[in-house]
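Below: the structure, in structure tokens.
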Amino acid sequence: MRIHKLAAIGGDGIGPEVIAAGLDVLETLATSDGGFRFEVESFAWSSDFYTKHGHYIPPGGLERLKEFDAILFGAVGSREVPDHVSLWGLRLPICQGFDQYANVRPTRVLPGVKSPLANGHEIDWVVVRENSEGEYAGMGGRSHRGLPIEVGTEVAVFTRAGVERIHRFAFGLARTRPRKHLTLVTKSNAQRFGMVMWDEIFFEVAKDYPDVNVDRELVDAMTTRMVLKPATLDVMVATNLHADILSDLAAALAGSLGIAPTANLNPERKFPSMFEPIHGSAFDITGKGVANPIATFWTASMMLDHLGEHDASRRLMNAIERVTANGVHTPDLGGTAKTIDVTKAVRKAILDAAKSGTQQLEPLKQAT
Ligand code: IPM
Ligand code: MG
């Protein structure tokens, strides 16, 4: 029996709701497989916890997390704590402390989901986001506070090692996809140091991946290309902030932020990787039971792949696509289903497929 140790951090807002749904579905997958099981420990680190204890991660907390094979993370961000405090208190210490430098964001329009684009069915992308430095390096400062001469700097830091490893990761990923196409996204016309270095290193690394087709786009032009010519894109690699913005656009074009998944990977597996839905805390719907758990399920499928459970990962993705195709949709997708309805439907689809021996089915073809 293969055992996977999972740390579950629900965090804030709808985070705990979708993580609970995700754990239910993972349990169903494990029991219907029989070859593996999860040992789950939940951590109550959140903004409430911070308000009570003065920290998000207690002393020694990161050391504890190191014992796990993967981290399933909900969301962080609350009305009570400034966003930059919560982000730097919980999520970034894990991403940066565990050197999860490759942030992977696949985007597809799932069957039964409507893209705002007429040609939305052509979307099949993976956004690779540099996740350890760049605009999120935490470098900068403020002085002369409150005076007319007040200064604030926010320094983007790019290192050769950091840029080269994300490019190598993106090329490696592009190589595994049918189209083997990688688009470099920067802003090297206006930003002539770090961004020009990004471009140079990209083309140096490209020499080691002659089977991958490449092209490049400036980040502003990339937004129009994503909307107007989605079929020309496959994998894209961009800086921390550029890819943050592009991946929200990608999620909206795929129908809803409520379905978009993320993996924060430490590809060398020196530390656990972290898997999370992109959507964030969503206070407007917190506690109403209507959060879309699909982003967490898709995220869980990425986690299963990372853990080597490729069959379970495929079974979960099949179940998700069957449920979205059948119109069991939460309000963000225009439906009236609750979190629990979608969760039950996905669990049932997993069990039905296991019973009828169809777990090897490839994902359903894209509905257009
Ligand atoms: C994301 C989010 C975060 C980010 C926020 C919550 C700070 O937007 O994961 O894309 O910018 O990294
Ligand atoms: Mg974002």
Side-chain angles (χ1 to χ4, degrees), residues 9-19 22 45-47 50 56-57 70-107 125-140 154-158 162 166 185 219 222-223 226 236-266 273-286 291-292 294-296 298-300 302-303 332:
I9 306 175
D12 295 332
I14 60 171
E17 301 171 36
V18 292
I19 293 304
W45 304 343
S46 64
S47 294
Y50 169 79
Y56 281 86
I57 303 178
I71 304 163
L72 194 58
F73 186 90
V76 65
S78 105
R79 289 205 176 96
E80 281 71 45
V81 184
D83 285 342
H84 65 278
V85 174
S86 56
L87 179 67
W88 284 94
L90 184 56
R91 189 169 162 272
L92 286 185
I94 300 174
C95 288
Q96 296 188 350
F98 288 173
D99 211 10
Q100 295 164 348
Y101 64 86
N103 182 287
V104 182
R105 303 186 158 186
T107 310
W125 304 329
V126 183
V127 179
V128 175
R129 170 179 179 183
E130 200 295 317
N131 209 34
S132 67
E133 53 177 38
E135 308 86 346
Y136 284 59
M139 299 286 282
E154 198 73 54
V155 181
V157 175
F158 301 105
I166 197 64
V185 185
V219 65
M222 188 65 170
T223 59
M226 286 166 76
M236 46 195 106
V237 62
T239 71
N240 218 329
L241 181 63
H242 289 170
D244 174 43
I245 298 165
L246 294 180
S247 59
D248 263 26
L249 173 60
L253 295 177
S256 169
L257 211 53
I259 53 179
T262 304
N264 298 284
L265 300 179
N266 172 243
S273 293
M274 180 159 74
F275 300 82
E276 60 172 331
I278 289 189
H279 49 61
S281 318
F283 315 122
D284 51 330
I285 56 164
T286 299
N292 192 343
I294 295 288
T296 300
W298 191 345
T299 293
M302 295 178 82
M303 183 181 79
D332 56 301

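Order of appearance sets the numbers: ligands from 1, and atoms from 1 within every ligand.
- Among all protein heavy atoms, the one lying closest to atom 1 (C) of ligand 1 is R105 NH2, 3.4 Å.
- Nearest non-hydrogen protein atom to atom 3 (C) of ligand 1 is R91 NH1, 3.9 Å.
- The closest approach between any non-hydrogen atom of E135 and ligand 1 is not below 4.0 Å.
- Counting protein heavy atoms only, atom 11 (O) of ligand 1 is closest to Y136 OH, 2.6 Å.
- Judged purely by atom type and a 3.5 angstrom limit, E130 uses its side chain to pair as donor or acceptor with the backbone of S132.
- The Mg ion (ligand 2) sits nearest to atom OD1 when only the N, O or S atoms of D244 are considered.
- How far NE2 of H279 is from CD1 of I259: 11.0 Å, rounded to the nearest 0.5 Å.
- A donor-acceptor pair under 3.5 Å is formed between the side chain of R129 and the backbone N or O of N240.
- Remark: the backbone N or O of S273 is not paired with any side-chain donor or acceptor of N264 at under 3.5 angstrom.
- Within 6.0 Å of CZ on F158 lie more than 12 heavy atoms contributed by other residues, nucleotides or ligands.
- Judged by distance alone, with hydrogens and angles left aside, the side-chain atoms of S281 form no donor-acceptor pair with the main-chain N or O of F283 at under 3.5 Å.
- When T262, D244, L92 are checked for heavy-atom proximity to atom 10 (O) of ligand 1, D244 turns out nearest.
- In terms of protein heavy-atom proximity, atom 6 (C) of ligand 1 is closest to L87 CD1, 4.5 Å.
- With ligand atoms numbered from 1 in the order given, ligand 1 contributes 1 (C), 4 (C), 9 (O), 10 (O), 11 (O), 12 (O) to contacts under 4.0 Å with heavy atoms of R129.
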